[in-house]
Number of protein chains: 2
Amino acid sequence: MEKKETVTQEIIEAARQLFSRYGFRKTTMEDIARVTRKGKSSLYYYFKNKEEVFRAVIIHEASILRKALKDATTGISDPAKKLEKYVMVRMHTMKELINYYEAVEHEHDSHYSFIDQLRDQFDQDEAEAIRHILDEGVAQGKFQPLDTELAANTLVIAMKGLEFPLVWKGSTENLDKRIHKIMKILFYGLLKR
Amino acid sequence: MEKKETVTQEIIEAARQLFSRYGFRKTTMEDIARVTRKGKSSLYYYFKNKEEVFRAVIIHEASILRKALKDATTGISDPAKKLEKYVMVRMHTMKELINYYEAVEHEHDSHYSFIDQLRDQFDQDEAEAIRHILDEGVAQGKFQPLDTELAANTLVIAMKGLEFPLVWKGSTENLDKRIHKIMKILFYGLLKR
DNA sequence: AGAATATTTTAACAAAATAGTCGAAAAAAC
DNA sequence: GTTTTTTCGACTATTTTGTTAAAATATTCT
């Protein structure tokens with residue numbers, strides 16, 4: 001009945017911890033089983049395979065991120081501030097997810113195309129969310145009239161560009177400064193006046 | 001010549017990072033090789049096996065800890081403050097070494113007796129260092145006369161007792177409070193007056 | 001109760017990963 | 001140019017790991 005759903009969630013939570021700490025490769029089904037206090041085989045009653053567990057975790061995390069972004073920006077009316085807040089939260093949250101990244105980026109060669117699929121989906125959603133903010137800005141006469149779809153895509157690419165150094169050095173101050181700098185450049189080209 | 005020593009140190013440093021992040025089990029020789037930009041086989045020119053690398057790392061860390069303790073306490077003349085500082089630094093540094101712990105504690109059953117050896121040696125050194133501080137306190141008339149050897153051993157055991165909850169929750173504030181509390185209790189039973 | 005269904009465990013196995021070996025090539029020292 | 005030191009790739013043996021199927025156990029329903 002609902003038991004299955006509960007256990008599924010427990011497994012996802014356990015897997016989330018492990019994946020985020022050790023990455024996909026170094027996390028074994030046995031690790032997950034141990035944390036959930038189950039036999040390794042029992043996991044296969046809830047998930048078809050390891051990849052499915054990973055997919056579930058990623059989707060779960062993505063929804064968390066989406067909610068965080070929504071919560072952080074809903075109160076803000078000024079589009080510029082909203083955009084900056086969005087980028088800020090997005091980058092900081094993404095900082096927690098580096099290990100998934102690493103797990104994914106490195107063995108990108110082989111058969112992990114489902115990740116690319118998820119990523120593309122997420123990028124698309126993100127571009128749309130940003131475009132919405134940009135449209136708002138244009139409608140309010142705060143932003144210059146522009147191709148918001150193109151601009152949104154550009155911003156997504158820029159954020160992805162910022163992610164890579166994030167993997168290397170975990171210094172939060174530098175990240176904030178970098179974000180601020182880029183946002184400022186962006187705004188001075190974007191804002192009317 | 002000295003090249004060998006240099007490379008050995010580089011390997012130890014790389015292994016240190018990896019072991020502390022992933023633990024003994026999840027760190028592979030290939031991981032270490034990758035970080036040091038060497039072929040996996042090359043490592044065996046410097047170390048007999050994985051266990052040897054681990055041993056070298058542990059020994060290195062132990063010496064670091066010893067130095068940190070010495071540096072932190074040498075300037076302090078008041079034995080009570082010195083003792084508190086010692087415990088504080090020791091616990092906080094130990095916090096970084098949890099992953100070694102995990103790596104060791106879990107597969108304690110099998111052939112890792114060399115760890116116990118190292119641990120015993122370290123405990124002994126520690127007890128001696130603490131006893132020295134206690135002796136000083138007694139000599140200065142700040143501490144009640146007491147069996148300093150017994151007291152030192154007790155303190156070592158107390159610190160080890162504090163380590164376990166440390167594995168569970170990483171909250172630094174709670175740790176500080178707990179340490180403070182214990183130290184206070186200890187001092188009120190220890191200090192003259 | 002016992003039948004039907006849901007969940008867990010056991011045992012097994014193939015494929016992948018991993019620790020460790022060896023000899024030969026490269027590089028460095030002499 | 002010979003010797004010594006260092007690196008590396010190919011190979012092997014062993015262990016780990018993902019996955020499956022069937023048996024065992026627990027839970028729910030009638």
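Each chain gets a letter, A, B and so on, in the order its sequence line appears, and its residues count up from 1.
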(message) Just checking B:E52: does its CD atom have more than 12 heavy atoms from other residues, nucleotides or ligands closer to it than 6.0 angstrom?
(response)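 Enclosed.
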[atom2] on [Y] to [atom1] on [X], rounded to 0.5 Å:
X: B:T28; Y: A:K26; atom1: OG1; atom2: NZ; value: 5.0 Å
X: A:E13; Y: A:T36; atom1: CD; atom2: OG1; value: 11.5 Å
X: B:T148; Y: B:I130; atom1: OG1; atom2: CD1; value: 11.5 Å

(message) Measuring to OP1 and OP2 of C:dT8, would you say a side-chain N or O of A:Y45 lies under 4.0 angstrom away?
(response)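 No, because none of the side-chain N or O atoms of A:Y45 sits under 4.0 Å from OP1 or OP2 of C:dT8.
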(request) Establish whether the base of C:dG20 is bridged to the side chain of B:K50 by a donor-acceptor pair shorter than 3.5 Å. (result)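 Under the 3.5 Å cut-off, the side chain and the base do not form any donor-acceptor pair.
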At 4.0 Å (heavy atoms only), tell me whether [X] reaches a base, stays on the sugar-phosphate, or touches nothing.
X: A:F47; result: nothing
X: B:T36; result: nothing
X: A:K38; result: sugar-phosphate
X: A:K48; result: sugar-phosphate
X: A:S41; result: base

(message) Checking contacts here: which listed nucleotide (C:dT7, D:dT19, D:dT7) is nearest the side-chain heavy atoms of B:S42?
(response)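 Given the options C:dT7, D:dT19, D:dT7, the side chain of B:S42 is closest to D:dT7.
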(message) Between A:R37 and B:N49, which residue's closest nucleotide on DNA chain C lies nearer the 5′ terminus?
(response)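 On the 5' side of the pair lies A:R37.
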